[in-house]
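Scroll down for the structure; my scribbles are underneath it.
Side chains are part of it too, since the values below use all heavy atoms of this structure and drop only hydrogens, waters and symmetry mates. Fair warning: this is a prediction, and the values are worked out from it, not measured in the lab.
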Amino acid sequence: MGKIIGIDLGTTNSLVAVVDSGIPLVLADDQGRRLTPSVVRVPASGDPVVGWEAKRARAAHPKTTITSIKRFMGRRGGDSDSTKDALGYPVRAEGNAPVTVPLYGREWTPEEVSAEILKVLKTLAGEGMIELPEAAVITVPAYFNDAQRNATRKAGELAGLRVERIINEPTAAALAYGLNSLKEKSKIAVYDLGGGTFDLSILELNKGVFQVLATCGNTRLGGDDIDRALVGFLSEQLGQAGGPAVTKDAGIAARLAEAAEEAKIRLSTETETTIALPFLTPEFSFEFELSREQLECLTKPVVARTREYCLKALTDAGLASEDLDQVILVGGQSRMPLVREFASEIFGCDDGKPELNTTQNPDEAVALGAAIQGGILSGDFSDLLLLDVTPLSLGIETFGGLMNVIIPRNTTIPVKRGEAFTTVADYQKDVLIHVLQGEREKAADNWSLGRFTLEFEPQPKGMAKMGVQFEIDADGILHVLARDIKSGNEKIVEMRSAVDVDDDDVQQMIEESVEHAFDDIEERRCVEAQLRAEQTTEATRKGLETYGGELPGEQRAEIETALAEVAALLTEKEKGGTITAASLKDSNARLDSATQPLAELMMDRVMEQMLENRGVLPG
C-alpha cells in the first residue's frame, strides 16, 4: 500500500499531512503556509477559486464566496438552523432535501464544495511527495452522525481520493501529541475547540491501544460563534460612530467579519489591537481600539457552553477530573488565553494533576494525527492501534413502541452485534425494521434512522424467527442486516440518512434521558406488564373454552373474576387511562395464581394424550 495522507477538513482552515521516514509533518504551500482557508469562491465562469485567494476575494464577492461549509455537511432543509450560519452567500434549505448553495444556475452541495477544498490539499500534497496521493484519512468531529460522515467520505471520493478511514478529530489529536509514550492505563482528555465544532473525548492507553472511553460535543459550537458575537459588537460600534448598517450591505459585512477574525487572532498574543476599515463608504471609514478584556467578555458565554460537554464526558467515562493524567488542547480557538484558563479550571489543572499539555501546535495536531493513522494503515507504524466509540445508542423498535438497544452508547467501534426476534401476530408475511438512535426507552422519543421491510413465510405467531444485526464500521457508519432464519432471506441496509439535528438537540436528548429516567423505566415496565397480561388473558380464555367445564365451579369463578380484573385494566389503558405497571403486575399475579388448577388440568390432559398416542393407555 502506498502513502496515505492525513487531512483535517476544518470549518475555518484545512491542512494536509503525511508520514515521511517515520516522521509526521504538515505540508506547506509554495509560500510556506500550512493552513489552507476552507473558503471557495465560485466565479461566473471557470473553475472555483479555493483557499487564500478565495478568502481575500470574500469582501469583494461575498455572495459567491462560500465559507464554513462543514456546518452544512450531511444536513437537510428540515433542520431549522441550517441557514443561521451563512454570511453573505445564498443557502437553499427546503423540506427533506439536502442543503445546497445555489450559484449561477447550479445547486452546489456541501460535498461538492468540500471536494474543491480537498482537491487543493491533494495537489498540495502531490507537490511535496514523489507522486500524487490516491488515498487519505480524513478527520471529522466525534459527534458527526452517519449522514455527516458519509458526506465527508463522498467529498473525498469526488476529489479523487480513496478514503481509507474516517476518524474522530480528538482521537487523531491524541496520536499527534505522542501520548502512546505515556504509562499504561493513562487517561487523557482532548479538549478540541475549532472554528465550527467542539468535542471533548476521554481516552485510555492500554498496550499501545488508544481507546475512547467517552465522547461528547457539539458540531455547531466554535470560533465562528465568537466571530459572530464580535461582529455584532463591532456593528453596534460602527452604528454609534455614524457608519452604514452592516445588515444592508453584504460587502461591508464580509469586510467586518474578516477584520473581526484577524483581531481575535492578534488578541491571543496582544492585549490591544486596532481594527481599521477605511472607506466602508466613500464618506466613511471605521477605526476601533479593541482590548482583550472586551473580547473575553464577548467570548465567555460561548466558551462556557463547553463546560456541560466536559462534565458529561467525564460522567460517561465514570471518572473524576483528578483521574486524568493529561488534558490536551486542540483547535485554533484553544490558542486564546481565556480558553486555556477555562479548560484548566474545569479539569483542575492548576494543582498539577491532570497536566495541561499545550506542547503541540493546536492548529496542526489533528492533521498530524490523521497522517499517523494513515501511517498505521500503510504499515509505517506497527505498535499503535486506534479504537473509537459510538456516541449514541442504536437499536430497533419492538412491539409496544419500545426501543430495544442493540449497541449501547460508548461501545468501542468497529463493532458487530445482533439479536433474534419473533412475530406477535399469526401468519405475518413481513415485519417492519425501524432503526433508532437515542437514549430514551420509548421509540417515539428517539430519532429514526430509517425503516425497511423483511418478508418471510407466514407462520403462527412466535414461530417465525429473524435475526437483526448491527455493524458499525471503522468510519462509524451503521450497516443493518435482517435475516429470516428459516429461509435465509435477508436485507442489508446502510443507514445513509442519519439524524439531521443540531447537536444542542443531541445534548438536550441526553439530558432528557436522565431527567425522565424514572418515568421512562415506569413506561417500559408498564408496556412489558401489558404485553404479559395480554398473553396471559388470551391463554386463559382458550384454556377455559377447552377445559373450563372440567373445573369445579368455585375455581372457574375465581379465574373469571381475576380475568375480568386484568381485562378491565387493559381496556382502561387502551382508552388512555393512567394504569401503573404495579397494578397490572399485581392483577396478572392474581390471575396466574387463580389459573394454577387450570394449568395443571391442561398439563394432565396433554400427558394423557401423549401416553394414549404411544399405546400406553387404552383408546
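By the 6.0 Å contact criterion, CD on Glu293 is open, its count of non-hydrogen atoms from other residues, nucleotides or ligands being 12 or less. For Glu134, the CD atom counts as loosely surrounded, since its 6.0 Å shell holds 12 or fewer non-hydrogen atoms of other residues, nucleotides or ligands. Other residues, nucleotides and ligands contribute over 12 non-hydrogen atoms within 6.0 Å of the NZ atom of Lys122. A 6.0 Å sphere centred on CD of Glu355 holds more than 12 heavy atoms belonging to other residues, nucleotides or ligands. Heavy atoms of other residues, nucleotides or ligands lying less than 6.0 angstrom from NZ of Lys300 number 12 at most.
Minimum heavy-atom separation, Ala176 to Ala365: CB-O, 3.0 Å. For Ala115 against Leu158, the heavy-atom pair with the smallest separation is CB-CB, 3.6 Å. Nearest heavy-atom pair, Glu111 versus Ala155, reported as atom, atom and distance to 0.1 Å: O-CB, 3.5 Å. For the residue pair Arg92 and Pro102, the shortest heavy atom distance occurs at NH2-CB, 3.5 Å. The heavy-atom pair separating Pro43 from Pro48 by the smallest distance is CD-CA, 3.9 Å. Nearest heavy atom pair, residue Tyr177 against residue Gln360, reads CZ-CB, 3.4 Å.
How far OG1 of Thr36 is from CG of Leu9: 11.0 Å, rounded to the nearest 0.5 Å. Separation of atoms CD (Glu308) and NZ (Lys312) is listed at 10.5 Å; rounding is to 0.5 Å. Taking CD1 of Ile23 as the reference point, atom CG of Leu368 lies at 11.5 Å (rounded to 0.5 Å). To the nearest 0.5 angstrom, Arg307 atom CZ is 4.5 Å from Glu345 atom CD. Between the CD atom in Glu272 and the CG atom in Leu295 there is a gap of 12.5 Å [rounded to 0.5 Å]. Note that NZ of Lys185 and CG of Leu205 are 9.5 Å apart. Values are rounded to the nearest 0.5 Å.
The residues Arg149 and Asp146 are annotated as not salt-bridged, no charged nitrogen and carboxylate oxygen being separated by less than 4.0 angstrom. Salt-bridge formation is not detected for the pair Arg255/Glu258: no Lys NZ or Arg NE/NH1/NH2 atom is positioned less than 4.0 Å from an Asp or Glu carboxylate oxygen. Checked for salt-bridge contact, Asp363 and Arg34 miss the test: no charged N lies under 4.0 Å from a carboxylate O. For the pair Lys70 and Glu169, the salt-bridge criterion is met [side-chain N within less than 4.0 Å of a carboxylate O].
Remark: the backbone N or O of Pro62 is not paired with any side-chain donor or acceptor of Thr65 at under 3.5 angstrom. Between the Ser334 side chain and the Gly331 main chain, a donor and an acceptor come within less than 3.5 Å of each other. The backbone N or O of Glu270 lies less than 3.5 Å from a partner atom in the side chain of Arg292, making a donor-acceptor pair. Between the side chain of Gln148 and the backbone N or O of Asn145 there is at least one donor-acceptor pair closer than 3.5 Å. Of the possible donor and acceptor atoms, one in the side chain of Asn357 sits under 3.5 Å from a partner among the backbone N and O of Thr359. Side chain of Thr123 to main chain of Lys119: a donor-acceptor pair is present (N/O by atom type, distance under 3.5 Å, no hydrogens or angles). Using a distance-only test at 3.5 Å, with no hydrogens or angles considered, a donor-acceptor pair links the side chain of Asp225 to the main chain of Gly222. The closest donor-acceptor contact from the side chain of Asp323 to the backbone of Ala320 lies under 3.5 Å.
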Run Leu319 and Leu213 through side chain to side chain contact (heavy atoms under 4.5 Å, CB included) and show every step you take. CA-CA 10 Å; Leu319 300 174; Leu213 301 181; 4.2 Å; yes
Given side chain to side chain contact (heavy atoms under 4.5 Å, CB included), test Ile138 with Leu118 step by step and report yes or no. CA-CA 10 Å; Ile138 304 178; Leu118 291 171; 4.3 Å; yes
Is there a side chain to side chain contact (heavy atoms under 4.5 Å, CB included) between Val190 and Thr171? Walk through the geometry before answering. CA-CA 8 Å; Val190 183; Thr171 312; over 6 Å; no
Do Ser14 and Ser38 pass the side-chain hydrogen bond (donor to acceptor under 3.5 Å, both in side chains) test, and can you show the C-alpha distance, the side-chain angles, and the key distance before you say yes or no? CA-CA 6 Å; Ser14 296; Ser38 301; 2.8 Å; yes
Are Val101 and Val42 close enough, and set up right, to give a side chain to side chain contact (heavy atoms under 4.5 Å, CB included), and what steps lead you there? CA-CA 10 Å; Val101 180; Val42 181; over 6 Å; no
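Using a 4.5 Å heavy-atom cutoff, the side chains of Tyr89 and Trp108 are not in contact. Using a 4.5 Å heavy-atom cutoff, the side chains of Asp325 and Pro354 are not in contact. Contact annotation: the side chain of Leu103 approaches that of Pro90 to within less than 4.5 Å [non-hydrogen atoms, C-beta and beyond]. Taking the side chain as every heavy atom from C-beta outward, Val303 and Met336 never approach each other to under 4.5 Å. With a 4.5 Å cut-off on side-chain heavy atoms, Ile202 and Leu324 count as touching. Contact check for Val330 versus Pro362: no side-chain heavy atoms found under the 4.5 Å cut-off. Residues Arg71 and Asp224 form a side-chain contact, since some pair of their non-hydrogen atoms from C-beta on lies under 4.5 Å apart. Val137 places none of its side-chain heavy atoms less than 4.5 Å from the side chain of Ile376.
Looking at Asp199 and Ser201, their side chains never bring a donor and an acceptor atom within 3.5 Å of each other. Using a 3.5 Å distance cut-off with no hydrogens or angles, the side chains of Arg266 and Thr273 do pair a donor with an acceptor.
Using a 30° and 60° split on the angle between ring planes, Tyr309 and Phe198 fall in the tilted class, from 30° to 60°.
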